[in-house]
Amino acid sequence: MKKILVTGGAGFLGSHLCERLLSEGNDVLCVDNFYTGSKDNVKHLLANRNFELMRHDVTFPLYVEVDEIYNLACPASPPHYQFDPVQTTKTSVHGAINMLGLAKRLRAKILQASTSEVYGDPEIHPQTEDYWGRVNPVGIRSCYDEGKRCAETLFFDYWRQHQVDIKVVRIFNTYGPRMDPNDGRVVSNFIMQALQGKDITIYGDGHQTRSFCYVDDLIDGMIRMMNGPAGFTGPVNIGNPGEFTMLELAQQVIALTESNSKLVFMPLPQDDPKQRQPSIELAKAQLGWQPNVALQDGLLKTIQYFQQVVRQAK
Ligand SMILES: NC(=O)c1ccc[n+]([C@@H]2O[C@H](COP(=O)([O-])OP(=O)(O)OC[C@H]3O[C@@H](n4cnc5c(N)ncnc54)[C@H](O)[C@@H]3O)[C@@H](O)[C@H]2O)c1
């Protein structure tokens, strides 16, 4: 049995990761400051004697004994990370320093949840890991994009300078149950609007594309990376290369929810990337990983979850 620390474990992805690690027989320490996550996301795990929940902010040092660390702590949606941008950068940068320091002391393996945002508004398509990105350093998304880029730099410097065993995954848009219904991410937005019969808000003309990965596939990729070939540090893209326009996504959501919602168009937010699609050749070759859940199947499971959320709110 391994003792595994998951920072940001009470968030959307973290809660699924804790669940999977527990089901595989590990002892899990979930650390979270509940900034965007919640106890509700992990309440079904509290009765498990191998699960422990600790309130802690990763911008402060943490002294615990573990074998592996998954570093997920960081608000991920634009309204949340832009609400307190200084804290967002601190969480990425100081959080990385603190968790890498812990990994160094413990000689523990550490995985960083990085992001496709490190590619910014990319000039190449699909994005491969050797592309350095096109990121605005002074815009309203920079606290997140540059914070995550700096965290990657720190991971690679701890690896070169201190031989810390690092793993870096670049996560592309992921969706599924336990997404925050109000955090402004496109899948949750569309589903909530459709279920409540509200207008579906499309930013821009709706022809910009995104790729959407179902959460179970993503968690599988992360765990494969942690347990992957020795010396394979990444960065490695984990995401679903299936590409959809916002209009196509909205139409699928309307069809699957049997909603009467209409589409309304609003101006594009600043620095919003027009296209995002992972190349997953490296993940296939090094980890034998590729996503298995089709968009329609993942959307159905997510819609079921949000139907429950809407019922409970009544
Ligand atoms: N969901 C995606 O599509 C996606 C895409 C790319 C990268 N990621 C990365 O994956 C990770 C998890 O994302 P998510 O979608 O689950 O977001 P989330 O907001 O649901 O989860 C983040 C968690 O981190 C916690 N947290 C924030 N600041 C903290 C701090 N200073 N100390 C301790 N805990 C803190 C939050 O309370 C929350 O539980 C993030 O690092 C995010 O950048 C997610």
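Whatever order the structure lists ligands and atoms in, that order sets their numbers, starting from 1. Residue indices begin at 1 and follow the sequence shown.
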Can you tell me if [X] contacts ligand 1 (heavy atom of the residue under 4.0 Å from the ligand)?
X    : value
A10  : yes
Y144 : yes
R170 : no
S114 : yes
K148 : yes

Below a 4.0 angstrom heavy-atom separation, can you tell me which part of R185, side chain or backbone, both or neither, approaches ligand 1?
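R185 to ligand 1: side-chain contact only, backbone stays beyond 4.0 Å.
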Show me which atoms of ligand 1 lie under 4.0 Å from any heavy atom of [X].
X   : result
A73 : 24 (O), 33 (C), 34 (N), 35 (C)
G11 : 20 (O), 21 (O), 38 (C), 39 (O)
F12 : 1 (N), 15 (O), 16 (O), 20 (O)

For ligand 1, is there an N or O atom under 3.5 Å from any N or O atom of [X]?
X    : answer
N71  : no
P75  : no
L13  : yes
S116 : no
S38  : no
N173 : no
I171 : no
G37  : yes
T36  : yes

Are Y203 and N189 linked by a side-chain donor-acceptor pair shorter than 3.5 Å?
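No, no side-chain donor-acceptor contact under 3.5 Å.
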Under a 3.5 Å cutoff, is there a donor and acceptor pairing between the side chains of Q193 and T201?
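Yes.
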Students should be able to answer this: which protein heavy-atom is nearest to [atom], and at what distance?
atom                    : value
atom 37 (O) of ligand 1 : D32 OD1, 2.6 Å
atom 3 (O) of ligand 1  : T174 N, 2.9 Å
atom 12 (C) of ligand 1 : L72 O, 3.7 Å

